[in-house]
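Below is one structure, written out as structure tokens, with a few remarks after it.
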Amino acid sequence: MLTIEMDNFDLGQICRSGQCFRMDQIGDDRYRVIAGDKYLELTQERGIVNFFCPEEDFIFFWIRYFDLDCDYSEYINMINPRDKYLTAAGEMGSGIRILQQDLWEMIISFLISQQNNITRIKKCIENISREFGVRKTSSTGAEYYAFPTAEALALATEEQLRECNLGYRAKYVLDTARKVCFGDISLNSLHDMTYKAARKELLGLYGVGEKVADCICLFGLHQLDAFPVDTHIRQALDAHYKRGFPNRRYKGCRGVMQQYIFYYELMK
DNA sequence: CAACAGGGGACAC
DNA sequence: GTGTCCCCTGTT
């Protein structure tokens, strides 16, 4: 077990913010995360966070995953004090982090997310992981299924994916898995692109529209300027930013502000 | 039982 | 850019 003390870090907020569909609260202060083929349980009391994993995984995986090298008070302090709405949102979600999740996992997860609610998205992802992912045992002895690889999903049939409750999204997932396998799109190269270029590339995938592309950029490529606009954000923007969101001021971290707004709308 | 909405997107005009 | 269909599933 590893213990750290961390500011602007709240597992409950991160969990509820809904960026990770495989993060769950499993006890009063205890959470579980499955990311790629990795498993982690962790607890938090105030600023003290306990990671139940080998030190190696913490250093080479979870630090990056939870963006622990980044001081989020800098984002909070960037908020215009005269913007009462965003100030309140930042206070409510001050412990949120933009997780650095796996690109492939984000592409599939947000393909599934369209016209869908979080409970069902989670079920769908557990279903495809159970069907097509590798069964593993964590260092703490927990059994879980890794997120399925592109190769595994490319070999699936649309019917099998529909049985995982994906509905009409099954064909999107299948098409994308095959494109990745055949090299029609290089996931590695997306990491080297600008936000604009990566977004454009992602929009070429069947089933990926602007909102989904921005979610993938934000959570899978850590492009912090990506600003996904869903129905909730749309309503918030219409209500509080009738002359448009101050994009100039928050250039480079618009996605962080989006998360504060999204969480605030969810929780207030 | 029917209606409806849930973190959209494709496609045709 | 607007409208229409998609036709999924859980909830009301």
Side-chain angles (χ1 to χ4, degrees), chain A residues 12-24 89 92-93 96-99 101-103 105-132 153 156-180 184-185 198-241 244-245 254-268:
Chain A
Q13 291 178 18
I14 295 168
C15 189
R16 291 187 294 271
S17 72
Q19 338 168 17
C20 176
F21 299 114
R22 302 194 83 185
M23 180 169 183
D24 291 293
M92 176 89 74
I96 291 174
R97 305 235 143 206
I98 306 297
L99 301 177
Q101 302 187 73
D102 178 71
L103 175 58
E105 187 167 342
M106 290 303 98
I107 291 174
I108 298 305
S109 297
F110 283 99
L111 269 177
I112 292 171
S113 80
Q114 61 183 128
Q115 203 68 12
N116 210 339
N117 58 58
I118 292 182
T119 312
R120 257 200 71 214
I121 298 166
K122 285 185 164 190
K123 275 185 192 166
C124 291
I125 290 173
E126 288 322 301
N127 290 343
I128 61 171
S129 297
R130 197 186 323 105
E131 281 306 310
F132 303 103
L153 287 186
T157 65
E158 186 179 329
E159 186 57 34
Q160 283 178 304
L161 292 174
R162 282 179 174 272
E163 284 168 10
C164 291
N165 282 336
L166 299 205
Y168 65 89
R169 306 161 195 86
K171 54 184 181 292
Y172 300 156
V173 169
L174 193 54
D175 189 76
T176 295
R178 289 178 177 168
K179 273 184 179 147
V180 170
D184 293 345
I185 180 170
R199 186 179 196 272
K200 189 176 176 184
E201 187 77 7
L202 288 165
L203 283 172
L205 291 172
Y206 185 42
V208 174
E210 298 192 358
K211 187 266 178 181
V212 168
D214 278 329
C215 283
I216 297 168
C217 285
L218 184 56
F219 305 125
L221 292 170
H222 207 61
Q223 289 286 1
L224 297 186
D225 215 25
F227 192 96
V229 178
D230 59 35
T231 53
H232 295 132
I233 295 290
R234 181 77 270 158
Q235 285 177 19
L237 292 181
D238 289 345
H240 303 284
Y241 298 97
F245 188 73
R254 303 182 330 132
V256 182
M257 301 303 153
Q258 189 272 6
Q259 278 298 285
Y260 293 147
I261 294 172
F262 183 80
Y263 185 72
Y264 188 55
E265 290 297 320
L266 196 70
M267 302 305 293
K268 75 175 186 188

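Reminder, nothing fancy here: chain letters follow the sequence lines and each chain counts from 1. Everything numeric here is computed off the predicted structure, so don't read it as measured data.
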Rounded distance in Å between the P positions of C:dG10 and B:dG9: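 Comparing P positions in C:dG10 and B:dG9 gives a spacing of 22 Å.
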
Distance, P atom - from B:dG7 to C:dT4, rounded to whole angstrom: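 About 24 Å, rounded to a whole number of Å.
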
What does [X] touch in the nucleic acid at a heavy-atom separation under 4.0 angstrom: a base, only the sugar-phosphate, or nothing?
{"X": "A:Leu205", "value": "sugar-phosphate"}
{"X": "A:Ser109", "value": "nothing"}
{"X": "A:Asp230", "value": "base"}
{"X": "A:Ile118", "value": "base"}

A:Glu210, CD: over 12 other non-hydrogen atoms inside 6.0 angstrom: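 Incorrect, the count does not exceed 12.
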
Whichever of A:Gly207 and A:Cys20 has its nearest DNA chain B nucleotide further upstream toward 5':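 Here A:Cys20 is the residue nearer the 5' end.
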
Base-pairing mate for B:dA12 - Watson-Crick or G-U, with both contacts under 3.5 Å: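 Because both required distances fall under 3.5 Å, B:dA12 counts as paired with C:dT2.
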
Base partner of C:dC7, which must satisfy Watson-Crick or wobble distances under 3.5 Å: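 Pairing partner: none.
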
Base B:dG8 to side chain A:Lys211, donor-acceptor N/O within 3.5 Å cut-off: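 In this structure, the two groups form no donor-acceptor pair.
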
No-H, no-angle donor-acceptor pair, A:Tyr168 side chain to B:dG9 base, under 3.5 Å: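 Answer is no: no donor-acceptor pair is held.
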
Minimum side-chain heavy-atom gap A:Cys217-A:His222 below 4.5 Å: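 A:Cys217 does not reach A:His222 side chain to side chain.
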
Pairwise side-chain contact, A:Phe262 with A:Asp230, heavy-atom cut-off 4.5 Å (strictly under):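 Touching, per the 4.5 Å side-chain cut-off.
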
Tell me the interatomic distance from [X], atom [atom1], to [N], atom [atom2], rounded to whole angstroms.
{"X": "A:Tyr172", "N": "C:dC5", "atom1": "OH", "atom2": "P", "value": "15 Å"}
{"X": "A:Arg120", "N": "C:dC7", "atom1": "CZ", "atom2": "C1'", "value": "12 Å"}
{"X": "A:Gln114", "N": "B:dG8", "atom1": "CD", "atom2": "P", "value": "9 Å"}
{"X": "A:Gln115", "N": "C:dT4", "atom1": "CD", "atom2": "P", "value": "16 Å"}
{"X": "A:Leu111", "N": "B:dA10", "atom1": "CG", "atom2": "P", "value": "9 Å"}
{"X": "A:Ile233", "N": "B:dG7", "atom1": "CD1", "atom2": "P", "value": "12 Å"}
{"X": "A:Ile121", "N": "B:dG6", "atom1": "CD1", "atom2": "P", "value": "12 Å"}
{"X": "A:Ile112", "N": "C:dT9", "atom1": "CD1", "atom2": "P", "value": "14 Å"}

Phosphate OP1/OP2 of C:dG10 contacted by A:Thr119 side-chain N/O (<4.0 Å):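 Looking at the OP1 and OP2 atoms of C:dG10, neither is under 4.0 Å from any side-chain N or O of A:Thr119.
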
Pairing of A:Asp24 and A:Lys122 as salt bridge, 4.0 angstrom limit: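 Result for this pair is yes, salt bridge flagged.
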
Residues A:Gln259, A:Ser17; criterion side chain to side chain contact (heavy atoms under 4.5 Å, CB included); working and verdict: CA-CA 7 Å; A:Gln259 278 298 285; A:Ser17 72; 3.8 Å; yes

